[in-house]
There are 4 protein chains.
Amino acid sequence: MPTVTWSRLGGERRSAVVDAAEAEFAAHGFSGGSLNVIARRAGVAKGSLFQYFADKRDLYAYITDVGSQRVRDYMEYQIHELEPDRPFFEFLTDLLDVWVAYFADHPRDRALHAASSFEVDTDARVSVRAVVHRHYLEVLRPLVHAARTRGDLRPDADIDALLSLLLMLMPHLALAPYVRGMDPVLGLDELSSEQPILVVRRYVAVLSAAFGSTNPSHRTTTIAQGEAHG
Amino acid sequence: MPTVTWSRLGGERRSAVVDAAEAEFAAHGFSGGSLNVIARRAGVAKGSLFQYFADKRDLYAYITDVGSQRVRDYMEYQIHELEPDRPFFEFLTDLLDVWVAYFADHPRDRALHAASSFEVDTDARVSVRAVVHRHYLEVLRPLVHAARTRGDLRPDADIDALLSLLLMLMPHLALAPYVRGMDPVLGLDELSSEQPILVVRRYVAVLSAAFGSTNPSHRTTTIAQGEAHG
Amino acid sequence: MPTVTWSRLGGERRSAVVDAAEAEFAAHGFSGGSLNVIARRAGVAKGSLFQYFADKRDLYAYITDVGSQRVRDYMEYQIHELEPDRPFFEFLTDLLDVWVAYFADHPRDRALHAASSFEVDTDARVSVRAVVHRHYLEVLRPLVHAARTRGDLRPDADIDALLSLLLMLMPHLALAPYVRGMDPVLGLDELSSEQPILVVRRYVAVLSAAFGSTNPSHRTTTIAQGEAHG
Amino acid sequence: MPTVTWSRLGGERRSAVVDAAEAEFAAHGFSGGSLNVIARRAGVAKGSLFQYFADKRDLYAYITDVGSQRVRDYMEYQIHELEPDRPFFEFLTDLLDVWVAYFADHPRDRALHAASSFEVDTDARVSVRAVVHRHYLEVLRPLVHAARTRGDLRPDADIDALLSLLLMLMPHLALAPYVRGMDPVLGLDELSSEQPILVVRRYVAVLSAAFGSTNPSHRTTTIAQGEAHG
DNA sequence: AATGAATGAGGGTTCATTCAT
DNA sequence: TATGAATGAACCCTCATTCAT
């Protein structure tokens, strides 16, 4: 946790440190990130970093906390805008489009997300992932439950399996377009910028087929998506 | 790529280097692994490593190549034993059980797999993942195609989406039981040793529902699996 | 020397600083002690320490002054209780027993004493030892002179040599039971808790033989002590 | 223990490192000594020190080992020259004169001895003192036993107490003339260069009175010394 | 072909002290 | 008077790589 000194800090100095640290950790992760570099880029004495944070790990935790909260805030706002009461897989498609677009437009958040996923230091990775996973689940679980209540999911749908898959698919969709070799099948990491939109639909089609109710009134979307690939 | 000197090297010296390097990279990843340590453990001069490999990265690539090839060889043998001509999702269940068991029994391969997944160094990670993905696909794609040909998959099944999901699920199943916080939903990282078996069935049930043919003769397995959770 | 600000300070704040500084210097000595830690433990701003004392060295000198004065006060009270008019070496034996017991019961004073003895910083060590030595001599010299006047010492006894030896023996007796390797001959640093008592008697026997009057009326004790070792 | 690299090292580089390290540790002790400074003064890369020694502690142990062995070698040679079969306290007087003179002439050995005595780091101090004490005892104990055998000591003399006192007196004699405030009684730390010679005789007189045989044939020396102080 | 000594930048962290508020 | 943020040098140690032998 940041020190009280940090909480009392002027906005300019604060954001200089945050900016420098985000950039550095995004680029090299926790283990690879250098406090020397962060201090230099922030125009701050190296010792000052230790006035604000207990140690490197503390700074890293703060940076990733702030970052993942920022993403969550954005997504919750978007969820509200996207009318989550619509048929679930239709809504999910739009949601994932927004998700993909967000990371396309925010390279630093993307890099931060990637860095946390690929961190070598077990403790650092575990604690960061715990936070990120909590955010994911606190947002997604209510949506999924509501969908089941509405009848958009099969009565016997394995909801936890659905959440588990979303927890793999969402980082994949966010990062794969920017990491060579990460998606060797669906071609997310190719140049064509419309790819992600197609891939979203293909994944949603799978989820819809697996978890969606057979109620015909909801199948329109799914069938359309089923034809999206070729 | 290893140098010609390496190719001319006696088997004993070779395996000493490979053993030491595998152990070190498994324990600390590429960035964290130390050539000093590897040379010492292998009983080889530090400089010799640079006679055999261009640099650290080159050695790392070689080690992961060897390791992933070893896993592939094992899996191909097992696939043959498991009679891949059976109904696909029944076979897939057994295959994933074997997969999970392999990594449970081979901590070094598991650690190597994990290290490559969590590598911070982007280039190192990308090049290793490319190799690993190639292995996965060269093994899985024929199986999936055969399944479709046999009619185990729906005619319109999105085969690439299936492969893409398997490429996420298989590392997840291999590593999650040993990496705290990696699976916050299905509880793979809990103590109970029968968990992975259940989780395999839940995932297969999903895949079966999404991609499986509606041919009633194949549904037995799926339905049973559908009841496994709850 | 403490500043005037310090002299005007409320008792509570004063003792908070003294307590924290004593604990820290006792634990880590002058060079190793940290002003950061002292300020934090005392609940006082780091800057305040510099309002009260010129610098670290000044604070350290003050703390050791206070500590050695405390020990001296205790010992002077005990000397009075022990009836210093008795035959000198009998009295000295009891005095050293009390001395040893005091440091056994007061780990902080012991640690402070040890820290000052083992201080690497020459100036810090010298100035502290000067104070400590002054205390020792102001207390011991009158006792020794009185003993000679009474005839407990040989007329030609080299009184300064006796004092010089006491100045070595007393710290040794106080610290050796708690500092491994400090006494490789007499085994003061062994577990048996009766050791110090025996060692005191062996040293006093030596001093008695060297400095004691040959007056038979005083030899009882000495002879008994001479037999204490085996 | 130094590495094999160190043992294979050319004499010039070796002595550059030894010289620099001795000077630094003599000046600031183990805790206070800086590897940066040692490397710079030796004209050697910082990293090279770690090719020669496992860590700072290892280097320190080596330096103090070499230093204390050097002093012991010198003293053993001198002991042989001084005819140790003479009456013990006469011999001891000469021995201590030589001892005092050695440290007067070898400021670096003196500083090293002092630094080891005053080391704050408990482990470092303990291990160094153990070596030094062993040297002292291996040299002194045979001399003392021979003296008793010859009848120079009282039959009931507490030999361990004698050794214990010598272990305090010898460092004191070596260092006190150069450390202000170390000897506030006998004035060893005064300018007059003949002081140490007198102090040696006063201490020997005490030891002779305490431990010496009453055999009149041996008292000549003692009595003469007894008159040395005034 | 094999060696292993030498390099020196860089790692995170602590520290006593200053000084504007 | 009290504060505590800011400083930046210094700490020990590790590292991949080079190159003369």
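Hydrogens, waters and symmetry mates play no part in the numbers below; they use all other heavy atoms, side chains included. Naming convention: chains lettered A, B, ... in sequence-line order (proteins, then strands); numbering from 1 in each chain.
If you take CZ of B:Phe53 and C1' of F:dA16, they are 16 Å apart, rounded to a whole angstrom. A straight line from NZ of C:Lys46 to C1' of E:dC15 spans 9 Å, rounded to a whole angstrom.
In terms of phosphate contacts, C:Asn36 brings no side-chain nitrogen or oxygen within less than 4.0 Å of OP1 or OP2 of E:dT14. Checking the phosphate oxygens (OP1, OP2) of F:dT14, no side-chain nitrogen or oxygen of B:Ser34 falls inside 4.0 Å. One finds no side-chain N or O of D:Arg40 lying less than 4.0 angstrom from the OP1 or OP2 phosphate oxygen of F:dA10. For F:dA2, the OP1/OP2 oxygens have no side-chain nitrogen or oxygen of C:Arg8 closer than 4.0 Å. The shortest distance between the side-chain N/O atoms of D:Ser48 and the OP1/OP2 oxygens of E:dA5 is not below 4.0 Å. Considering only side-chain N and O atoms, D:Thr5 lies nowhere under 4.0 angstrom from the phosphate OP1 or OP2 of E:dG4. OP1 or OP2 of F:dT1 has not a single side-chain nitrogen or oxygen of C:Arg13 nearer than 4.0 Å. Contact annotation: B:Arg57 does not reach the phosphate of F:dA16 (side-chain N/O to OP1 or OP2, under 4.0 Å).
Each of B:Leu35 and C:Gly47 was assigned the nucleotide of DNA chain F with the nearest heavy atom; the assignment lying further toward the 5' end belongs to C:Gly47.
Using a 4.0 Å heavy-atom criterion, one finds that C:Leu9 contacts the sugar-phosphate atoms exclusively. Across all strands shown, A:Gly33 has heavy atoms under 4.0 Å from sugar-phosphate atoms exclusively, and none from any base. Residue A:Tyr52 is in sugar-phosphate contact alone, with no base atom involved, counting any heavy-atom pair closer than 4.0 Å across all strands shown. When heavy atoms are screened at a 4.0 angstrom cut-off, D:Gly10 is found touching no nucleic acid atom at all.
Side chain to side chain, A:Ser34 and A:Glu24 fail the donor-acceptor criterion of an N or O pair below 3.5 Å.
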